[in-house]
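In what follows, every chain begins at residue 1, and chains take the letters A, B, ... in the order their sequences are listed. Worth knowing before you read on, the calculation uses all heavy atoms, side chains too, and leaves out hydrogens, waters and symmetry mates.
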Number of protein chains: 2
Amino acid sequence: MSKHAETVTLDPDYVLDEQIGYLLRLAGQRHAAIFQAQISDGLTPTQFSTLIRISEHEQVSQNHLGRLAAMDVATIKGVVDRLKAKGLVAAKPDPGDKRRSNICLTETGAALIADLKADGLRITEETLAPLSAGERKTLARLLRKIC
Amino acid sequence: MSKHAETVTLDPDYVLDEQIGYLLRLAGQRHAAIFQAQISDGLTPTQFSTLIRISEHEQVSQNHLGRLAAMDVATIKGVVDRLKAKGLVAAKPDPGDKRRSNICLTETGAALIADLKADGLRITEETLAPLSAGERKTLARLLRKIC
DNA sequence: ATCCTATCATTTGCATACGAACAAATTTAT
DNA sequence: ATAAATTTGTTCGTATGCAAATGATAGGAT
């Protein structure tokens with residue numbers, strides 16, 4: 001039994017638990033926990049997305065990669081630095097543009113992609129487990145509409 | 001015209017743009033941008049949620065507040081510290097438990113709540129603008145199911 | 001040839017976010 | 001009453017995430 005009694009005063013006009021921002025945060029938290037438990041190599045969600053995006057493109061500059069993976073230039077820099085430190089990606093200066101460095105997968109990184117995709121499918125499956133097939137499609141459709 | 005030709009190789013078995021985690025991140029990004037443009041006082045989403053939760057409870061310990069607002073103990077500490085610095089909340093030591101400090105709204109903080117709720121409703125409205133009334137309810141229902 | 005603008009990459013600052021480890025205080029179990 | 005388990009709050013480390021400022025390079029317009 002709790003020593004500290006709860007005195008809850010709810011405003012019927014503003015229920016935090018029903019606001020879209022709060023729900024997005026909670027859903028993201030649950031997904032992140034599932035992700036961390038399932039993923040190979042201790043990768044983070046952004047590192048994962050970044051690797052997948054590189055695998056879809058032979059050559060990408062760092063900034064362009066950030067746009068492809070929906071990350072700020074400052075964010076993608078840190079992500080790429082950490083992927084470099086893990087030996088999964090490498091950067092080569094662009095021969096035609098001295099500002100650019102092209103990011104690509106290392107052999108180790110390329111060898112990991114198939115496993116990561118399998119992990120990703122399991123993570124999506126577990127996150128969506130409470131939903132029916134129809135509900136999963138509806139959720140994806142509605143989320144895409146508000147992006 | 002782009003000098004740097006795109007060579008995109010998509011794997012039909014794993015489409016990042018359809019994965020729930022990626023969509024949640026994108027939707028969260030758009031919501032965060034709308035939030036920041038609309039909110040009073042430069043509050044962040046976590047600071048906002050925390051203030052609303054305090055307004056629902058006369059007395060809350062810091063850790064308990066974190067649980068109410070779905071934040072880690074380390075996270076809620078930083079949030080409460082910044083709300084203290086803004087003069088919106090205050091902490092009083094619990095008379096019956098020397099570990100606890102009870103967090104409450106200051107007068108300034110309490111005076112802000114009504115405005116914040118109005119901001120919150122506008123933010124939800126703008127975020128959900130692409131959806132019909134039925135779709136909004138469906139999205140909220142499905143998100144709640146996967147939390 | 002030069003100027004303007006855009007792009008690329010980096011850096012700094014602020015604010016989440018969470019795991020892990022810790023000390024102090026409290027509660028529960030024995 | 002005392003030992004064990006739990007709760008509270010703190011600190012450290014790592015990783016996003018974005019705004020803003022900086023410097024270098026590139027491309028187009030005059």
Interatomic distance, B:Phe35 CZ vs D:dG17 P [rounded to whole Å]: 17 Å
B:Ile76 CD1 - D:dG9 P separation (whole Å): 10 Å
Most 5' of A:Gln36 and A:His64 on DNA chain C, judged by nearest nucleotide: A:His64
Presence of donor-acceptor pair under 3.5 Å, side chain of B:Arg99 and base of D:dT8: no
Interatomic distance where CG belongs to B:Leu68 and C1' belongs to D:dT7 [whole Å]: 15 Å
Presence of salt bridge, B:Arg53 and A:Asp17, under 4.0 angstrom: yes
Phosphate-side-chain proximity, A:Arg100 and C:dC8, N/O vs OP1/OP2 below 4.0 Å: yes
For nucleotides 14-17 of chain C, print each protein N/O atom paired with a nucleotide N/O atom at under 3.5 Å, atom names and distance only.
from: C:dT16; atom 1: OP1; to: B:Thr44; atom 2: OG1; distance (Å): 2.0
from: C:dT16; atom 1: OP1; to: B:Thr46; atom 2: OG1; distance (Å): 2.6
from: C:dT16; atom 1: OP2; to: B:Gln47; atom 2: NE2; distance (Å): 2.7
from: C:dT16; atom 1: OP2; to: B:Arg82; atom 2: NE; distance (Å): 2.5
from: C:dT16; atom 1: OP2; to: B:Arg82; atom 2: NH2; distance (Å): 3.4
from: C:dT16; atom 1: O5'; to: B:Arg82; atom 2: NH2; distance (Å): 3.0

Whole angstrom value for the distance that separates C1' of D:dT16 from CG of A:Leu43: 15 Å
Atom pair NZ/CD of B:Lys137 and A:Glu18 - distance to nearest 0.5 Å: 10.5 Å
Presence of B:Asn63 side-chain N/O under 4.0 Å of D:dG9 phosphate oxygens OP1/OP2: yes
Between A:Gln19 and B:Thr124, a side-chain donor and acceptor under 3.5 Å: yes
Any A:Asn63 side-chain heavy atom under 4.5 Å of A:Arg100 side chain: no
Sugar-phosphate only, base, or nothing, as touched by A:Lys77 at under 4.0 Å among non-hydrogen atoms: base
CA sep, side-chain torsions, deciding dist, call: B:Asp119, B:Gln38, side chain to side chain donor-acceptor pair (under 3.5 Å): CA-CA 6 Å; B:Asp119 291 342; B:Gln38 296 275 344; over 6 Å; no
Closest approach of A:Gln47 to A:Gly42 (non-hydrogen atoms, all atoms of both residues): OE1-O, 4.4 Å
Any A:Ser61 side-chain N or O less than 4.0 Å from OP1/OP2 of C:dA9: yes
Pair A:Glu58, B:Thr7: side-chain N/O donor-acceptor within cut-off below 3.5 Å: no
Minimum-distance nucleotide (side-chain atoms of B:Lys98 versus C:dT26, D:dG9, D:dT25): C:dT26
Phosphate contact (D:dC18 OP1 or OP2) by B:Arg30 side-chain N/O below 4.0 Å: no
Closest-nucleotide ordering on DNA chain D, the 5'-leading residue of A:Val73 and B:Asp81: B:Asp81
Nucleotide C:dT11, atom C1' - distance to CD of A:Gln62 in whole Å: 12 Å
